[in-house]
Enquirer: 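Questions regarding the structure given below will be posed in turn.
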Amino acid sequence: MSSVYELDGRVPLAKAVPFGLQHVLAMFVANITPIMILAGVVGLDKSISAALIQNCMIIAGIGTLVQLYPIWRIGSRLPIVMGISFTFLSLAIGIATTKGMGTLMGAVIVGGVVEGCLGLFPDKWTKLIPHIVAATVVTAIGFSLLPIGANSFAGGQGAADFGSWQNWVVGTVTLLTCLVAQLVNHPMVRSLSVLIGLIVGYLLALCMGMVDFSGLSGVSIAALPTLLPFTPEFHLDTILAIVCVYLVSATETIGDTSAICSGALGRGVHKKEMGASVACDGFVSVIAGLFGCTPITSFSQNVGLSAMTKVVNRFAIATGACILILGGLFPFVGNLLATIPQAVLGGCTIMMFGSILFAGFQMMARCGFSQRNMIIVSLSLSVGLGFTSVTQLFSIFPQIVQTVFAENCVAVVFLLAVILNLVLPKEKEAEH
């Protein structure tokens, strides 16, 4: 019988479901949050907002299944979980508030086709991303996620009780539960450490009166997804802007694909896997646009979860994708999962995000610590992480440059690492 620690093969459904649910709980709130923010800022009707939340859960499930079980050259066949990307949020809000949701969806659809086609021809661009560049990007992803975990731990950015003692208690207990479960000498307990932490943290939050069930009132039990809630409109300027952000999203997907291979599978990433991941990113984002959602991408927190637990079985993770789809078809399920307090999620994600950093360090060690590699890593990370923490540095640049780079350290790190890899002479490495 196949093991959850093996990529292929089918494990018993009863054994697979807890691992799939663990992945869903790790990314669920992050998956629906961009749509909730966009709908709130644009001022969409509540019924449309609810339909979009339902759609984004279904899209995330479809995208994950395509990654796990590819269609032609679309999908990497790796244990990658997909979800709605935060990367596009600021630009999406700008387009939707000024030109309408139809224009935004038109740009999402065309941009998805562009990224998808890019992924179909990995031979044309993967040589720009040697192992040292991939390692640098993975490390940047790990660093970029740490503030997200810390904000969740404190109760969620903008929460009225941000940093309260209640959030500290719940977050700490959740984190310690995950840690203790990781140290238990039992493979199943270690592998389900995040789910165990979530359950303990949720029960504690429930006892402390921190779980809000008001969102469950009036929610329909079952509902079909809404196709084309907005009529797509196509404008060249918005399409070009969205395509630029798609390229940034592709760099994150490349980093996540490298991280899952290094941290969870213990090997390097193959060129075809990088291309197939990017193709899935793009073409599933086209479907997302048809259902009124912003683009989809790989979720780094789930990469961290796989790296930490070593659970990589495709069938087990596919059960999580099916749970997402069911959550979209049965809105009550999704709304129930949305009651998990942010502090609980923060307690779980802190260690997961750290495991992505560790995967990046492992990749660097395999590349070697030559003078050339030191320059690529140190300069890319110091500029990328440093400059994007002071966003005013980008104020002299056009708005499109600010949108793509000012708050996205992964994009800056990727661009610098690629440029340095191209311009630094290879002889230095040989001399070392």
Side-chain angles (χ1 to χ4, degrees), residues 1-28 31 57-83 116 119 122 138 187-188 190-195 252-285 287 296-328 352 355-356 359:
M1 189 172 290
S2 180
S3 166
V4 292
Y5 307 108
E6 298 171 3
L7 188 63
D8 295 311
R10 177 166 179 165
V11 300
L13 185 61
K15 185 179 179 182
V17 167
F19 294 103
L21 181 61
Q22 183 172 243
H23 273 281
V24 171
L25 294 176
M27 56 79 71
F28 182 81
N31 179 55
M57 292 165 62
I58 294 172
I59 293 298
I62 292 172
T64 303
L65 287 176
V66 172
Q67 282 284 26
L68 295 168
Y69 299 99
I71 300 172
W72 187 45
R73 286 150 56 187
I74 304 170
S76 61
R77 205 172 167 275
L78 294 173
I80 295 174
V81 176
M82 306 292 285
V138 170
M188 180 68 78
R190 282 203 305 269
S191 300
L192 290 173
S193 59
V194 173
L195 180 59
E252 295 174 347
T253 298
I254 291 165
D256 286 340
T257 307
S258 301
I260 200 75
C261 290
S262 175
L265 299 177
R267 62 168 175 82
V269 64
H270 301 313
K271 183 164 49 178
K272 288 183 178 179
E273 290 171 335
M274 280 199 289
S277 286
V278 171
C280 178
D281 237 29
F283 289 124
V284 178
S285 291
I287 301 174
I296 198 170
T297 193
S298 57
F299 263 37
S300 299
Q301 51 263 59
N302 295 87
V303 173
L305 178 58
S306 293
M308 188 173 76
T309 64
K310 305 302 180 185
V311 174
V312 296
N313 182 264
R314 292 189 299 151
F315 177 75
I317 296 172
T319 61
C322 294
I323 291 171
L324 279 170
I325 293 172
L326 287 174
M352 285 160 43
S355 66
I356 296 177

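Since this is a predicted model, take the numbers as computed values, not measurements.
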Enquirer: What's the shortest heavy-atom distance between I80 and T64, and which atoms?
Expert: O-CG2, 3.7 Å
Enquirer: Using 0.5 Å steps for rounding, measure from the CZ atom of F315 to the CG atom of L13.
Expert: 5.0 Å
Enquirer: Is there a side-chain contact between S277 and I254 (heavy atoms, below 4.5 Å)?
Expert: no
Enquirer: Go through it in stages, so that I can follow the logic: the residues are M308 and V194, the test is side-chain contact (heavy atoms from CB on, under 4.5 Å), and I'd like the CA-CA distance, side-chain angles, deciding distance and then a yes or no.
Expert: CA-CA 10 Å; M308 188 173 76; V194 173; 3.4 Å; yes
Enquirer: Are side-chain heavy atoms of T253 and T257 found at a separation under 4.5 Å?
Expert: yes
Enquirer: Shortest non-hydrogen contact from P70 to R314?
Expert: CD-NH1, 4.4 Å
Enquirer: Are any of the side-chain heavy atoms of L65 and I325 separated by less than 4.5 Å?
Expert: yes
Enquirer: Okay, side chain of T309, backbone of L305: is any donor-acceptor separation there less than 3.5 Å?
Expert: yes
Enquirer: To the nearest 0.5 Å, how far apart are CG in D256 and OG1 in T297?
Expert: 7.0 Å
Enquirer: Is any side-chain heavy atom of V303 closer than 4.5 Å to one of S298?
Expert: no
Enquirer: With rounding to the nearest 0.5 angstrom, report the CZ to CD1 distance, F19 to I317.
Expert: 10.5 Å
Enquirer: Considering non-hydrogen atoms only, spot the tightest contact between A264 and V312 and give its length.
Expert: CB-CG1, 3.6 Å
Enquirer: I want to check something: taking the side chain as every heavy atom from C-beta on, are L78 and L265 in contact at a cut-off of under 4.5 Å?
Expert: yes
Enquirer: Got Y5 and N313 here, is their nearest side-chain heavy-atom distance under 4.5 Å?
Expert: no
Enquirer: State, yes or no, whether a side-chain contact exists between N302 and M82 at a heavy-atom distance under 4.5 Å.
Expert: no
Enquirer: Are the side chains of H23 and S306 in touch, meaning some heavy atoms are under 4.5 Å apart?
Expert: yes
Enquirer: Of all heavy-atom pairs between C261 and E273, which one has the smallest distance, and what is that distance?
Expert: SG-OE1, 3.6 Å
Enquirer: Evaluate whether atom NZ of K272 has more than 12 neighbouring non-hydrogen atoms of other residues, nucleotides or ligands under 6.0 angstrom away.
Expert: no
Enquirer: Nearest 0.5 Å, please: how far is NZ in K15 from OG1 in T319?
Expert: 12.5 Å
Enquirer: Hey, could you give me the OG/NE2 distance between S76 and H270, rounded to the nearest 0.5 Å?
Expert: 11.5 Å
Enquirer: Show the nearest heavy-atom pair for residues I74 and C280, with the distance to one decimal.
Expert: CG2-CA, 3.6 Å
Enquirer: Return the CD to CG distance between E252 and D281, rounded to the nearest 0.5 Å.
Expert: 9.0 Å
Enquirer: Mind listing the closest non-hydrogen atom pair of A60 and G83 along with its distance?
Expert: CB-CA, 4.1 Å
